[in-house]
Amino acid sequence: MSIRKINVGIVGLGTVGSGLIEIIEKKKNTFKKLYNLNLAIVGVSAKRKTKKRSFNIKNYIWYQDPLKMLNNPEIDVIVELIGGSDGLALELAEKSLRKGKSFVTANKALVAKHGVKIFELSNRYNSRFSFEASVGGGIPIIRLTQNSMIVGKIKNIYGILNGTCNYILSKMREDNLPFKKALKNAQNLGFAESDPHDDISGNDTAYKLAILSKLVFGFSNKISDIFVEGITNIEEIDIKMASKLGYRIVLLGISNLNNNKVMQRVHPSLVPNNSMIAKVNNELNTIVVDDEFTDKIMIVGKGAGKMPTAASVMSDILNIVDENKKKVFSSKANKSHKLISQNIDKREGKFYIRMGVDDKPGVLADITLFFKKQKISIKSMFQLDNKIKNIVPLVFVTHKVTEKKIKLVLKRISILDIIKTKITLIRIEDM
Ligand SMILES: NC(=O)c1ccc[n+]([C@@H]2O[C@H](COP(=O)([O-])OP(=O)(O)OC[C@H]3O[C@@H](n4cnc5c(N)ncnc54)[C@H](OP(=O)(O)O)[C@@H]3O)[C@@H](O)[C@H]2O)c1
């Protein structure tokens with residue numbers, strides 16, 4: 001069998017880019033033996049040539065302008081590891097595919113925003129577009145959903161898609177830490193960026209969820225279709241109360257298909273302590289695919305980090321020569337059914353509600369009566385001992401009720417004189 005050749009140009013030599021170079025340097029000979037493949041890095045590019053790197057930059061041809069790589073006919077694959085939903089990343093994607101080069105990326109922001117457009121270009125120019133590392137880092141979820149391994153119609157896809165948030169919530173629970181302290185620890189250990197906004201706001205999870213929804217439901221969605229709530233409002237008291245009630249709090253990204261409507265949401269959720277998802281700790285990620293025949297399939301792994309993410313990018317490069325061109329995102333032309341986005345107000349489920357009230361006799365009864373009048377059935381309620389400045393925390397757990405109704409009722413309760421704090425609402429997901 002003749003030796004196949006892949007020449008790669010790598011743009012972005014940071015965490016993931018340097019990991020990719022290390023993998024290629026270490027495994028080049030193995031790939032040759034195993035896959036009959038000659039893999040060569042024929043160009044590299046980053047912002048600063050003089051920056052200290054974990055590999056010897058002098059071994060590679062440096063491009064100060066990464067777009068110039070596209071003029072090199074020897075390069076078969078452009079690997080984009082810069083980041084950002086637009087600008088250079090998008091330009092590289094479009095121009096690479098137009099030139100017939102394969103385009104590999106780990107960039108969730110780019111794929112979430114422009115994935116369908118880029119996929120259509122790859123179809124038009126018969127070039128490959130792969131993005132395994134953009135969701136779940138080292139977890140091979142894209143191939144799992146695309147390679148005919150799941151036969152039935154997927155009804156739900158959900159999971160813990162952000163390692164930073166999972167690490168923070170794990171440490172708040174295990175070490176009784178307040179949010180800010182747990183975040184600081186995560187930053188010191190390299191599990192959180194110095195600017196953690198995208199992670200803790202839920203935006204990073206929303207990007208990944210948008211990609212998953214597009215893939216499994218063939219749904220041309222916008223990030224703004226997704227309900228997004230981060231973890232910044234979670235307090236130690238909520239973590240403790242959740243444990244007392246038999247739950248733990250995780251940040252979930254959830255996408256459900258129901259009667260041609262797709263509801264996508266990202267929010268902290270109480271999940272039962274004995275569920276599999278509650279066992280996914282620290283920086284680990286998990287994705288659950290729920291289809292009509294297999295029921296639930298759950299994969300767990302490192303959702304980020306230098307080597308897991310670089311290994312995912314590597315698998316995309318290796319698969320370029322092996323895989324036939326797959327459907328991936330459904331383009332406008334071949335969309336067989338019309339799906340519409342469904343607002344979270346239609347969600348029906350249980351809720352955990354916490355509020356601080358005046359320490360006066362009869363307050364608990366007043367609020368309970370309020371819920372009763374609105375026909376909201378309360379499963380359990382607690383008045384906690386840790387009173388601060390005459391404010392008593394109350395916790396309620398509801399039976400199933402629609403999101404719309406609970407929000408309406410809490411809006412009314414929040415303006416009562418006896419309510420002395422912001423009301424915390426966390427959704428309960430019985431997985
Ligand atoms: N880190 C992870 O664990 C992880 C996991 C999953 C997905 N991803 C995705 O992978 C991508 C890369 O992430 P990363 O963590 O490796 O980022 P990073 O460490 O910040 O590296 C970014 C790289 O891009 C280069 N760069 C920035 N602007 C550039 C420009 N205008 N022209 C040329 N090069 C430019 C930087 O150059 P200098 O080195 O010269 O500064 C750097 O090498 C992102 O899309 C990210 O979302 C990362």
Side-chain angles (χ1 to χ4, degrees), residues 9-23 41 43-55 57 60-70 78-93 95-96 103-115 118 130-142 160-167 186-187 189-199 203-212 223 282-285 287 301-317:
I10 302 174
V11 187
L13 304 171
T15 309
V16 186
S18 60
L20 179 63
I21 291 191
E22 285 173 40
I23 292 180
I41 301 170
V44 295
S45 181
K47 225 174 188 171
R48 288 152 294 172
K49 190 177 179 187
T50 50
K51 187 172 161 183
K52 201 168 176 304
R53 316 226 176 238
S54 60
F55 56 91
I57 197 85
Y60 304 101
I61 299 170
W62 173 267
Y63 285 77
Q64 191 53 52
D65 177 1
L67 290 166
K68 293 244 165 80
M69 274 190 196
L70 305 178
I78 296 290
V79 185
E80 180 273 309
L81 300 168
I82 317 165
S85 62
D86 297 271
L88 181 57
L90 179 62
E91 199 175 350
L92 276 169
K95 291 190 170 159
S96 305
F103 180 74
V104 173
T105 183
N107 186 339
K108 65 216 105 178
L110 174 76
V111 183
K113 189 163 174 196
H114 299 294
I118 300 173
S130 309
F131 48 91
E132 183 64 69
S134 65
V135 182
I139 300 177
I141 183 65
I142 311 282
I160 298 173
L161 303 172
N162 184 279
T164 304
C165 291
N166 207 38
Y167 182 87
Q187 285 170 321
L189 289 165
F191 293 132
E193 305 276 336
S194 50
D195 176 4
H197 177 261
D198 253 12
D199 292 322
N203 289 349
D204 176 85
T205 301
Y207 288 141
K208 294 164 184 170
L209 190 69
I211 298 172
L212 291 176
I223 289 283
N282 298 326
E283 76 277 21
L284 287 178
N285 282 202
I287 299 165
K302 293 211 166 147
K306 180 174 172 173
M307 296 322 264
T309 311
S312 232
V313 174
M314 189 66 242
S315 80
D316 272 348
I317 299 172

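Order of appearance sets the numbers: ligands from 1, and atoms from 1 within every ligand.
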| task | Taking all heavy atoms of Glu132 and all of Ser312, pick out the closest pair and write down the distance. | result |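 Residues Glu132 and Ser312, closest heavy atoms: CG-OG, 3.5 Å.
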Next item on the list: Could you pull out the closest heavy-atom pair between Glu80 and Leu92, with the gap in Å?
Entry: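 Smallest heavy-atom distance, with atoms named: CG-CD1, 4.2 Å.
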On a heavy-atom basis, I'd like to know which of [options] is closest to [atom].
atom	options	answer
atom 5 (C) of ligand 1	Leu110, Leu88, Thr309, Ile10	Thr309
atom 33 (C) of ligand 1	Ala46, Gly12, Ala310	Ala46
atom 28 (N) of ligand 1	Asp198, Asp65, Ile82, Thr50	Ile82
atom 42 (C) of ligand 1	Ala109, Ala89, Gly87, Gly14	Gly14
atom 12 (C) of ligand 1	Leu67, Leu20, Leu81	Leu81

Worksheet item: Where does Asn107 meet ligand 1, judged by heavy-atom distances below 4.0 Å: at the side chain, the backbone, both, or neither?
Response: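 Answer for Asn107: both.
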| task | Under 4.0 Å, heavy atoms only, figure out whether ligand 1 is touched by the backbone of Lys51, its side chain, both or neither. | result |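 Side chain only; the backbone of Lys51 stays clear of ligand 1.
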Closest protein heavy atom to [atom], given as residue, atom name and distance to 0.1 Å:
atom	value
atom 3 (O) of ligand 1	Gly305 N, 2.7 Å
atom 36 (C) of ligand 1	Lys47 N, 4.2 Å
atom 44 (C) of ligand 1	Gly83 CA, 3.7 Å
atom 7 (C) of ligand 1	Ala106 O, 3.3 Å
atom 1 (N) of ligand 1	Val16 CG2, 3.8 Å
atom 47 (O) of ligand 1	Lys108 CE, 3.2 Å

message = Protein non-hydrogen atoms only, distance under 4.0 Å: does atom 40 (O) of ligand 1 have such a neighbour?
response =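 Within 4.0 Å: yes, protein heavy atom nearby.
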Measuring to protein heavy atoms, does anything land under 4.0 Å from atom 20 (O) of ligand 1?
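False for atom 20 (O) of ligand 1.
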Kindly assign one of parallel, tilted or perpendicular to the pair Tyr60 and Phe55, based on the angle between their ring planes and the thresholds 30° and 60°.
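Geometry flag for Phe55 against Tyr60: perpendicular rings.
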With Leu284, which residues qualify under side chain to side chain contact (heavy atoms under 4.5 Å, CB included), at least two apart?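 Leu284 satisfies side chain to side chain contact (heavy atoms under 4.5 Å, CB included) with Val280, Val300, Lys302 only.
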Subject >> side chain to side chain donor-acceptor pair (under 3.5 Å), paired with Asn162, selected from Asp199, Asn285, Thr205 >> reply: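 Running side chain to side chain donor-acceptor pair (under 3.5 Å) over Asp199, Asn285, Thr205 with Asn162 returns exactly one hit, Asp199.
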### Numbering as shown, the atoms of ligand 1 that approach Leu13 to under 4.0 Å (heavy-atom distance)
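That gives atoms 23 (C), 42 (C), 43 (O) of ligand 1.
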Task: Any Arg53 heavy atom less than 4.0 Å from ligand 1 - done: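 For ligand 1, residue contact (heavy atoms, under 4.0 Å) with Arg53 is present.
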- Item | Identified side-chain contact (heavy atoms from CB on, under 4.5 Å) partner of Lys108 from the options Val135, Leu161, Asp198, Asp204 |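 Single pass found, and it is Asp204.
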